[in-house]
Protein chains: 2
Amino acid sequence: MIAVPTISVENYLKAIFSLQKDGEERVKTKAIAESLDVSLPSVSGMIKSLADDGMVEYEPYRGVRLTKKGKKTALRVIRNHRLIEVFLVQTLGYSWDEVHNEAERLEHAVSDTLVARIEAFLGFPRFDPHGDPIPTADGELHRREMMTLGDASSGMHLKVERVLDQTPEVLQYLDRVGLRPGASCRVVEVLAFDGQMFLDIDGQQLPISATLAAKLLVTELDDDSERDTGRDDVQAVDRS
Amino acid sequence: MIAVPTISVENYLKAIFSLQKDGEERVKTKAIAESLDVSLPSVSGMIKSLADDGMVEYEPYRGVRLTKKGKKTALRVIRNHRLIEVFLVQTLGYSWDEVHNEAERLEHAVSDTLVARIEAFLGFPRFDPHGDPIPTADGELHRREMMTLGDASSGMHLKVERVLDQTPEVLQYLDRVGLRPGASCRVVEVLAFDGQMFLDIDGQQLPISATLAAKLLVTELDDDSERDTGRDDVQAVDRS
DNA sequence: GCCTTTTATTAGTCTTGCCTAAATTTCTGA
DNA sequence: TCAGAAATTTAGGCAAGACTAATAAAAGGC
Ligand SMILES: [Mn+2]
Ligand SMILES: [Mn+2]
Ligand SMILES: [Mn+2]
Ligand SMILES: [Mn+2]
């Protein structure tokens with residue numbers, strides 16, 4: 001009897017995975033509780049059960065770290081989530097601010113073979129609509145170090161790679177001003193005292209708060225490369 | 001706080017719905033237990049909770065009947081299930097023997113808006129790949145009285161409308177011999193002592209047991225109408 | 001109409017996953 | 001260093017949904 005992870009277990013593993021940014025640091029109980037909106041004792045209880053199942057290493061009061069097995073399970077769920085997001089956008093015309101909640105439930109209900117078919121149907125996309133990388137079927141996840149827009153300085157020419165916020169309001173706003181993965185922009189000015197930025201995107205002047213800038217991951221662009229061009233490694237998001 | 005039905009509750013309601021063929025007869029505890037492969041006390045317990053929620057009328061030892069509310073919920077889940085089946089066949093190239101198990105889980109995870117989009121994307125199909133009718137968003141289900149193939153007699157010219165069995169083996173066999181919804185055939189002979197039938201389909205002679213014949217719903221065809229033609233009211237199932 | 005078989009319910013238990021309140025450990029800052 | 005604050009675990013409960021064993025009702029056979 002192989003014990004299939006419950007929806008709750010899958011959500012905990014996913015949360016732990018994304019909270020332990022690199023693979024080293026231990027994730028605190030409080031962080032998990034906030035991420036999943038459950039009480040601290042609920043997390044303590046689940047942690048013990050995950051440790052019993054060999055999903056996490058656990059040292060009381062010190063936090064948890066995913067084991068190989070836990071990481072594999074988390075990556076499977078994340079893979080499901082991101083492929084479902086791409087599929088909903090590409091096939092059913094969903095916009096990128098609508099897919100997250102839908103995928104949050106479907107990720108637990110799809111079979112491995114359904115996800116594999118979706119992946120093939122989509123032509124093996126490498127990123128989801130928010131620029132998040134898609135793990136392969138055997139649990140490989142290509143992760144790149146990137147700076148946030150907030151870390152950029154005046155004059156830099158940037159390409160938007162990824163959005164770290166899933167709230168519909170933020171995504172709708174970013175879409176409206178053109179800050180989608182693949183878009184490029186130039187930093188015109190950064191106010192030293194509050195981090196307020198002014199971007200040039202498509203010839204338009206665009207003010208961006210430090211708060212919002214922290215949620216965008218970007219890469220620096222050579223100054224001689226073309227501007228405002230989609231990436232070939234990201235699914236184009238057509239939402240005219 | 002509106003209490004969203006759990007997966008378990010949805011499965012019970014769906015089972016009760018399909019066991020109460022017309023809307024009148026009361027469904028027995030034993031039938032539900034067998035249909036869902038759970039123990040009799042589990043069913044007794046769930047029935048009481050469904051009755052408390054106003055999903056069923058319940059008279060101890062006499063069985064249950066869905067209320068309006070229970071029927072509505074059941075039909076929503078059945079609608080989800082059948083539209084998902086069509087979608088998997090049409091969009092991802094699933095065959096009709098693969099879709100049932102996948103849909104059995106997805107039916108509980110899709111939102112009403114996702115299902116509505118799927119329905120529109122597919123062009124508002126009226127039947128699923130097995131010929132089962134698809135309830136509308138407001139809970140209408142067009143049900144027709146039909147005879148089974150087993151009820152047919154020698155010489156009758158028939159159209160296959162619906163398959164009542166979801167097991168992959170049966171569906172694969174039916175597909176192989178061409179007995180899909182939309183196909184037509186003629187009854188050549190019926191053996192009186194065991195109900196064994198011999199059909200003419202596409203000029204081929206085909207023996208069908210009484211057991212299998214009981215699982216096919218058919219309608220009688222005028223003798224002057226064309227033979228072996230797809231129905232326009234059923235999604236074509238292309239599985240060459 | 002009784003007696004046996006079948007069906008159904010009740011009683012009691014278990015697991016999962018959540019909660020609040022209380023106790024405990026760790027962290028932090030004066 | 002050490003007291004108060006913050007984080008964590010323990011204790012104890014609850015609800016859903018499954019189970020087995022025991023009891024009760026309904027149905028069938030003669
Ligand atoms: Mn989820
Ligand atoms: Mn995403
Ligand atoms: Mn189901
Ligand atoms: Mn079907």
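Each chain gets a letter, A, B and so on, in the order its sequence line appears, and its residues count up from 1. What you see is a predicted model; the values in this text were computed from it and never measured. Atom set for the values below is all heavy atoms of this structure, side chains included, hydrogens, waters and symmetry mates excluded.
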Q. If we only count heavy atoms from C-beta on, is the A/Leu174 to A/Val163 side-chain gap below 4.5 Å?
A. yes
Q.
Taking A/Glu25 first and then A/Arg65, would you say they form a salt bridge - that is, a charged N and a carboxylate O separated by under 4.0 Å?
A. no
Q. Is the closest side-chain heavy-atom distance between B/Ile16 and B/Leu50 below 4.5 Å?
A. yes
**Q.** A/Arg117 to B/Tyr94, cation-pi by 6.0 Å centre distance and 45° axis angle
**A.** yes
Q | Pair A/Trp96-A/Asp128, side-chain contact (heavy atoms from CB on, under 4.5 Å): steps then yes or no | A | CA-CA 9 Å; A/Trp96 74 341; A/Asp128 84 356; over 6 Å; no
Q. Does anything in residues 2-15 of chain A pair up under side chain to side chain donor-acceptor pair (under 3.5 Å), and if so which pairs, sequence neighbours excluded?
A. A/Glu10-A/Arg76, A/Glu10-A/His108, A/Asn11-A/His108, A/Lys14-A/Glu104, A/Lys14-A/Glu107
Q. Taking any atom under 4.0 angstrom from a heavy atom of chain A, which nucleotides of DNA chain C are the first and last to qualify, 5' to 3'?
A. C/dG17 to C/dC27
Q: For the residue pair B/Asp151 and B/Thr148, confirm or rule out a side-chain donor-acceptor distance under 3.5 Å.
A: yes
Q. Does anything in residues 38-62 of chain A reach DNA chain C, meaning a heavy atom under 4.0 Å, and if so which residues?
A. A/Val38, A/Ser39, A/Pro41, A/Ser42, A/Met46, A/Tyr61, A/Arg62
**Q.** Those residues of residues 4-17 of chain A lying under 4.0 Å from DNA chain D by at least one heavy atom
**A.** none
Q.
If you define the side chain from C-beta out and look only at heavy atoms, does anything of B/Leu66 sit under 4.5 Å from B/Phe17?
A. yes
Q) Rounded to whole angstroms, how far apart are CG on B/Asp37 and C1' on D/dA18? A) 12 Å
Q: Please test B/His100 against B/His130 for ring pair (Phe, Tyr, Trp, His ring centres under 6.0 Å), starting from the C-alpha separation and ending with a verdict.
A: CA-CA 10 Å; B/His100 184 75; B/His130 314 100; 7.1 Å; no
Q: Would you indicate whether the side-chain heavy atoms of B/Arg180 and B/Asp175 approach each other to under 4.5 Å?
A: yes
Q: Describe, as an angle rounded to 10 degrees, how the axis at the first end of the helix from C/dG1-D/dC30 to C/dA30-D/dT1 is tilted relative to the axis at the last end, five pairs per end.
A: 0°
Q | Sequence-distant partners of A/Lys69, side chain to side chain donor-acceptor pair (under 3.5 Å), two or more places apart | A | none
(Q) Other residues, nucleotides and ligands only: do more than 12 of their heavy atoms fall within 6.0 Å of CG on A/Asp37? (A) no
Q. Are any non-hydrogen side-chain atoms of A/Asn80 and A/Leu106 less than 4.5 angstrom apart?
A. no
Q. How close or far is atom P of D/dA16 from atom CG of B/Leu36, stated in whole angstroms?
A. 18 Å
